[in-house]
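In the text below, chain A, chain B and the rest are named by the order of the sequence lines, each starting its count at 1.
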Amino acid sequence: MPELPEVETVCRGLAPVLEGAVLRNVIVRQPKLRFPVPPRFSDALAGQKILTVRRRAKYILLEMEKDNVVIGHLGMSGRMTIYQTPREASAPGRHDHIDFETAAGPIVRFADPRKFGLMLLTDQGSLEDHKLIRHLGPDPLGNDFNETVLAVALKGRKTTIKAALLDQKTLAGLGNIYVCEALFRAGLSPRRKAATVQGVRAARLTQAIRAVLLEAIAAGGSTLRDHKQPDGELGYFQHSFKVYGREREPCPGCDCDVAKTGGIGRLVQSGRSTYFCARKQR
DNA sequence: ATTGGTTCCTGCTGGC
DNA sequence: TGCCAGCAGGAACCAA
């Protein structure tokens, strides 16, 4: 599941190939994604130069020379792959929905079996007004995020800290995996009321979020089922998960007997699995 | 205003 | 061994 570190990894992989590249052609084989790919998508992009590749929350942004922006999202199972030559990119599979063909030769292909991803195009100069962008909270790795900002964002929230962190309006870029990992590192129960995370707890959580994201990016993201870097390299951070997917395994922070404690616990919040240690997280 | 439930989709898994 | 129901989950949307 691509979250912030995976998307960051993808953007870093795409930048050397796409930044400054001219799009010779854009092929849309399957427009039925999370939202329909706009009919004008190909025509509006063909012939244009890509100025920058950057990430906003879990969105991949291709900023074009005509001041319009491609907004991409990998959803659950999306993948971007670089093919160095058209020959390598021949015979697209049934989930290979969009090809970005550069004039220099390399092709970037968007594939997404579950079609939860999307590929949209903004009007000129309107990125920040876009409905998918305008409600996003601060980026946890950005300059406008710190423990005070987090505390203010959580103040008065009646929901759990788990749900609040998954909400992209609070903080943009975390998903289920990294919320579980950050809460474990911060020693905070996923069931705790969000509003009670103030002061030192907000500071601990801020540091935990930053640390886990930076470590994950350094490892190339996490490869569960789908994520690969655009050059085909896997990510390796899944081996560093402390709690995610580790139900009934011993808690790495406890020295207690799994037979007695049951090890890492699992519960369902907001329809998603939460993994946690009831002894270390309060 | 917030919040919880529903929905989209396909591949994988576990139970028989 | 093989089948298939159920699960996984990002986030917009809707209802309360």
Side-chain angles (χ1 to χ4, degrees), chain A residues 1-11 29-38 55-61 71-80 92-98 110-120 122 129-140 152-183 190-197 213 216 221-228 235 238 241 243-248 264 266-276:
Chain A
M1 306 99 224
E3 302 181 25
L4 188 154
E6 289 72 38
V7 178
E8 180 67 27
T9 298
V10 168
C11 285
R29 299 187 190 82
Q30 171 58 278
K32 288 163 67 174
L33 303 177
R34 178 86 170 82
F35 298 113
V37 178
R55 177 187 63 74
R56 173 78 172 98
K58 300 176 205 172
Y59 293 97
I60 298 166
L61 303 179
I71 301 180
H73 195 295
L74 300 175
M76 295 296 303
S77 55
R79 182 182 292 177
M80 301 288 264
R94 76 184 186 105
H95 301 307
D96 293 337
H97 306 317
I98 298 177
F110 172 68
D112 184 9
R114 271 171 272 189
K115 300 194 185 76
F116 274 24
L118 59 86
M119 208 57 78
L120 298 174
T122 70
D129 297 332
H130 195 277
K131 68 166 182 175
L132 296 176
I133 303 296
R134 66 184 175 213
H135 298 301
L136 292 173
D139 191 291
V152 169
L154 296 175
K155 196 175 177 189
R157 298 285 295 270
K158 297 191 190 317
T159 189
T160 61
I161 187 64
K162 169 79 188 296
L165 293 180
L166 282 176
D167 184 345
Q168 303 298 299
K169 293 191 284 297
T170 310
L171 195 79
L174 296 183
N176 199 41
I177 294 172
Y178 293 104
V179 168
C180 290
E181 294 297 314
L183 286 173
R191 288 183 282 213
R192 171 180 282 277
K193 286 256 189 302
T196 69
V197 179
L213 293 177
S222 304
T223 299
L224 290 184
R225 292 180 181 83
D226 304 295
H227 172 66
K228 280 187 184 177
Q238 66 279 10
F241 291 167
V243 289
Y244 185 84
R246 299 196 183 280
E247 186 180 12
R248 288 187 295 276
I264 299 295
R266 188 181 86 95
L267 57 92
V268 176
Q269 296 176 290
S270 313
R272 300 184 190 99
S273 294
T274 297
Y275 297 90
F276 71 113

Can you tell me the distance, in whole Å, between the [atom1] atom of [X] and the [atom2] atom of [N]?
X	N	atom1	atom2	result
A:E247	C:dA8	CD	C1'	14 Å
A:R114	C:dC7	CZ	C1'	10 Å
A:E6	C:dG9	CD	C1'	14 Å
A:L120	C:dG10	CG	P	19 Å
A:R79	B:dT10	CZ	C1'	14 Å
A:H135	B:dA1	NE2	C1'	13 Å
A:L165	C:dG10	CG	C1'	15 Å
A:L171	C:dG10	CG	P	15 Å

Can you tell me if [X] touches the phosphate of [N], counting only side-chain N or O atoms and a distance under 4.0 Å to OP1 or OP2?
X	N	value
A:K58	C:dG10	no
A:R94	B:dG11	yes
A:S77	B:dC9	no
A:H73	C:dG10	no

Any protein N or O atoms within reach of nucleotides 3-5 of chain B? Criterion: under 3.5 Å, listing atom names and distances.
unit_1 : atom_1 : unit_2 : atom_2 : d
B:dT3  : OP1    : A:K158 : N      : 2.6
B:dT3  : OP1    : A:T159 : N      : 3.2
B:dT3  : OP2    : A:R157 : NE     : 3.0
B:dG4  : OP2    : A:T159 : OG1    : 3.1

Apply ring pair (Phe, Tyr, Trp, His ring centres under 6.0 Å) to [X] and list each qualifying residue two or more places apart in sequence or on a separate chain.
X	answer
A:F276	none
A:H97	none
A:F110	none

Which residues satisfy the side chain to side chain donor-acceptor pair (under 3.5 Å) test with A:E3, sequence neighbours excluded?
->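 Testing A:E3 for side chain to side chain donor-acceptor pair (under 3.5 Å), a comparison that skips the adjacent residues, returns none.
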Please list, chain by chain and in numerical order, all residues satisfying side chain to side chain donor-acceptor pair (under 3.5 Å) with A:S270, sequence neighbours excluded.
->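 Side chain to side chain donor-acceptor pair (under 3.5 Å) list for A:S270, sorted by chain: empty.
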So how far off straight is the helix from B:dT2-C:dA16 to B:dC16-C:dG2, going by the axes through five pairs at either end, to 10°?
->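 End axes: 50° apart.
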What residues, two or more places apart in sequence or in another chain, satisfy side chain to side chain contact (heavy atoms under 4.5 Å, CB included) together with [X]?
X	answer
A:P138	A:D144, A:F145, A:V149
A:T159	A:R157, A:A163, A:A164
A:H130	A:I71, A:L120, A:T122, A:L132, A:I133
A:D96	A:R29, A:P92, A:R109, A:A111

Any side-chain heavy atom of A:D112 sitting closer than 4.5 Å to one from A:Q30?
->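 Result no, sub-4.5 Å side-chain heavy-atom pair not found.
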Does some side-chain heavy atom of A:P2 sit less than 4.5 Å from a side-chain heavy atom of A:V10?
-> no
Less than 5.5 Å between centroids and less than 30° between ring planes, does A:F116 satisfy that with C:dG10?
->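 The ring of A:F116 is stacked on C:dG10.
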Show your reasoning for whether side chain to side chain contact (heavy atoms under 4.5 Å, CB included) applies to A:E181 and A:V243.
-> CA-CA 6 Å; A:E181 294 297 314; A:V243 289; 3.4 Å; yes
Please work out if A:Y244 contacts a base, only the sugar-phosphate, or nothing of the nucleic acid, heavy-atom cut-off 4.0 Å.
-> sugar-phosphate
Identify whether any heavy atom of A:R134 sits under 4.0 Å from a base atom; if not, whether one sits that close to sugar-phosphate; answer base, sugar-phosphate or nothing.
->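 Since no nucleic acid heavy atom lies under 4.0 Å of A:R134, the category is nothing.
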Restricting to nitrogen or oxygen on both sides, can you table the protein-nucleotides 12-16 of chain C pairs closer than 3.5 Å?
unit_1 : atom_1 : unit_2 : atom_2 : d
C:dA12 : OP1    : A:Y59  : OH     : 3.3
C:dA12 : O4'    : A:R34  : NH2    : 3.1
C:dC13 : OP1    : A:K131 : NZ     : 3.2

